[in-house]
Student: 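Just dropping this structure here.
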Protein chains: 2
Amino acid sequence: MEKSFSEIKELLIRKGLKATHQRIVIYHLLFNSFEHPTAELLFDKLKINNPSISLGTVYKTLDTFVQTGLAEKVLSETGSDRYDANLSSHHHIYYTDTKEIVDFYDSELQDLIIAFLNKKSIPNLKIKDFKIQIHGEKIDMVENQIN
Amino acid sequence: MEKSFSEIKELLIRKGLKATHQRIVIYHLLFNSFEHPTAELLFDKLKINNPSISLGTVYKTLDTFVQTGLAEKVLSETGSDRYDANLSSHHHIYYTDTKEIVDFYDSELQDLIIAFLNKKSIPNLKIKDFKIQIHGEKIDMVENQIN
DNA sequence: TCTTAAATAGGAATTATTCCTATTTAAAAT
DNA sequence: ATTTTAAATAGGAATAATTCCTATTTAAGA
Ligand SMILES: [Mn+2]
Ligand SMILES: [Mn+2]
Ligand SMILES: [Zn+2]
Ligand SMILES: [Zn+2]
């Protein structure tokens with residue numbers, strides 16, 4: 001699933017973006033991150049191999065990615081914005097104890113909700129998409145029961 | 001549904017909080033707001049009748065409410081944090097064009113998802129709750145179909 | 001009414017993000 | 001391969017959102 005620099009370069013050009021070194025390395029790192037990183041975290045990691053990259057560029061580039069549909073912001077209650085280049089339809093588990101945000105895929109749930117919303121029809125609303133956050137904590141045993 | 005100052009006072013005391021004037025008026029305003037206001041918006045409105053209230057107190061008080069379970073933060077991608085004293089189980093519609101965040105109640109959907117998550121069981125996760133954001137735009141016609 | 005621990009006001013400090021502009025660079029044109 | 005140029009970046013200043021600090025005030029119990 002890892003994308004090479006040349007694949008990323010093509011992707012950027014396809015989106016009408018200039019394929020700069022900064023955009024390539026930022027996208028590469030974000031795409032291969034599964035932690036939904038902040039701009040600052042990406043910046044700190046990028047600096048190692050790109051010592052002259054600037055934090056402003058990381059912010060601006062992430063915003064460009066969001067505008068062009070190459071990435072999404074992941075909602076967070078605490079602190080800074082987090083980003084995700086995983087565009088496959090998925091939701092997020094928020095571990096309240098460890099602060100991790102972990103991808104949650106479930107096509108059955110996805111279909112269930114889409115079917116429900118299509119059936120339901122909310123007056124005066126054209127739905128574009130929906131996002132679910134599941135909040136909980138890490139446990140040792142396999143167990144879960146809500147409500 | 002409007003709560004009187006004395007009811008709010010009781011509520012605060014029941015939660016183990018000192019029933020200060022600031023907490024009472026902040027809770028009162030938040031509870032009767034349906035816009036999921038920011039701290040700054042609450043502050044601006046509160047100043048009219050409470051000219052000496054401070055923004056820091058509004059922030060701190062809202063945090064106290066969140067900690068004691070009297071209010072919740074409502075996730076937002078843009079700008080400042082928003083708050084909600086409506087604790088009945090509900091989700092939110094985000095109007096991308098008007099920036100409004102509107103309550104969405106649907107016990108059928110709620111039950112559907114709870115049943116699904118209970119059946120499913122995610123390894124090593126103890127689910128506490130879940131939140132859904134429905135993103136879309138205001139339209140004139142009653143219409144909706146996703147995917 | 002007195003006492004006191006907790007809360008507030010007001011402002012300073014910090015964090016997260018955006019803005020500014022001189023310099024650099026990707027990529028189109030030659 | 002070189003030149004041109006509009007767009008992007010680096011680096012730092014500015015701003016927005018929030019938290020922190022502390023002298024003063026206040027709720028509530030003795
Ligand atoms: Mn915040
Ligand atoms: Mn933000
Ligand atoms: Zn994700
Ligand atoms: Zn709400």
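Sequence lines set the chain letters: A, B, ... in the order given, protein chains first and strands last, and positions in each chain run from 1. Side chains included, hydrogens not; waters and symmetry mates left out as well; all remaining heavy atoms used.
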Student: Between A:K60 (NZ) and C:dA16 (C1'), how many Å, whole number?
Tutor: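 Rounded to whole Å, this separation is 18 Å.
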
Student: Testing A:Q133, A:K131, A:Q110 for side-chain hydrogen bond (donor to acceptor under 3.5 Å, both in side chains) with A:H91, which one passes?
Tutor: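 Of A:Q133, A:K131, A:Q110, side-chain hydrogen bond (donor to acceptor under 3.5 Å, both in side chains) with A:H91 is met by A:Q110 alone.
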
Student: Please report the distance, rounded to the nearest Å, between NZ in A:K15 and C1' in C:dA27.
Tutor: 21 Å

Student: Compare the minimum distances between each of D:dT9, D:dT18, C:dA7 and the side chain of B:Y59, then state the nucleotide with the smallest one.
Tutor: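 From the listed options, D:dT18 comes nearest.
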
Student: So, does B:T20 get its side chain near the phosphate of C:dT8, meaning an N or O under 4.0 Å from OP1 or OP2?
Tutor: yes

Student: Could you state the atom-to-atom distance from CD of B:E10 to C1' of D:dA27 in whole Å?
Tutor: 16 Å

Student: Where each residue is assigned the nucleotide of DNA chain D containing its nearest heavy atom, which of A:L55 and B:Q22 is assigned the position nearer the 5′ end?
Tutor: A:L55

Student: Given atom NE2 of A:H21 and atom C1' of D:dA10, what is their separation to the nearest angstrom?
Tutor: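 These atoms are roughly 14 Å apart.
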
Student: Return the 5'-most residue of the pair B:D63, A:T57 with respect to DNA chain D, ranking by each residue's nearest nucleotide.
Tutor: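 This one resolves to A:T57.
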
Student: Measure from the side chain of A:S52, starting at C-beta and using heavy atoms only, and say which of C:dG10, D:dA10, D:dA28 lies closest.
Tutor: D:dA10

Student: Round to a whole Å and report the spacing from CG of A:N50 to C1' of C:dT25.
Tutor: 15 Å

Student: Ion pair present between A:E108 and B:K119, side-chain N to carboxylate O less than 4.0 angstrom?
Tutor: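 Yes, charged N to carboxylate O under 4.0 Å.
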
Student: Just the rounded figure in Å: distance from P of D:dT18 to CG of A:D81.
Tutor: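 The answer, rounded to whole Å, is 11 Å.
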
Student: Can you list everything that forms a side chain to side chain contact (heavy atoms under 4.5 Å, CB included) with B:T78? Sequence neighbours excluded, please.
Tutor: B:S76

Student: Go through D:dT18, C:dA5, C:dA9 for me and flag the one nearest to the B:K18 side chain.
Tutor: C:dA5

Student: Checking contacts here: which listed nucleotide (C:dT8, D:dG11, D:dT18) is nearest the side-chain heavy atoms of B:R23?
Tutor: C:dT8

Student: Tell me: CG of B:L42 to P of D:dA17, nearest whole Å?
Tutor: 14 Å

Student: What is the separation between atom CG on A:L41 and atom C1' on C:dT15, rounded to the nearest whole Å?
Tutor: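 That distance rounds to 16 Å.
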
Student: How would you label the contact of B:A39 with the nucleic acid (heavy atoms, under 4.0 Å): base, sugar-phosphate, or nothing?
Tutor: nothing

Student: According to ring pair (Phe, Tyr, Trp, His ring centres under 6.0 Å), does anything in residues 45-78 of chain A pair up with another residue at least two apart or in another chain? List the pairs.
Tutor: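 The answer is A:Y27-A:F65.
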
Student: Between the side chains of A:K60 and A:D63, is the shortest nitrogen-to-carboxylate-oxygen separation below 4.0 Å, so that they form an ion pair?
Tutor: no

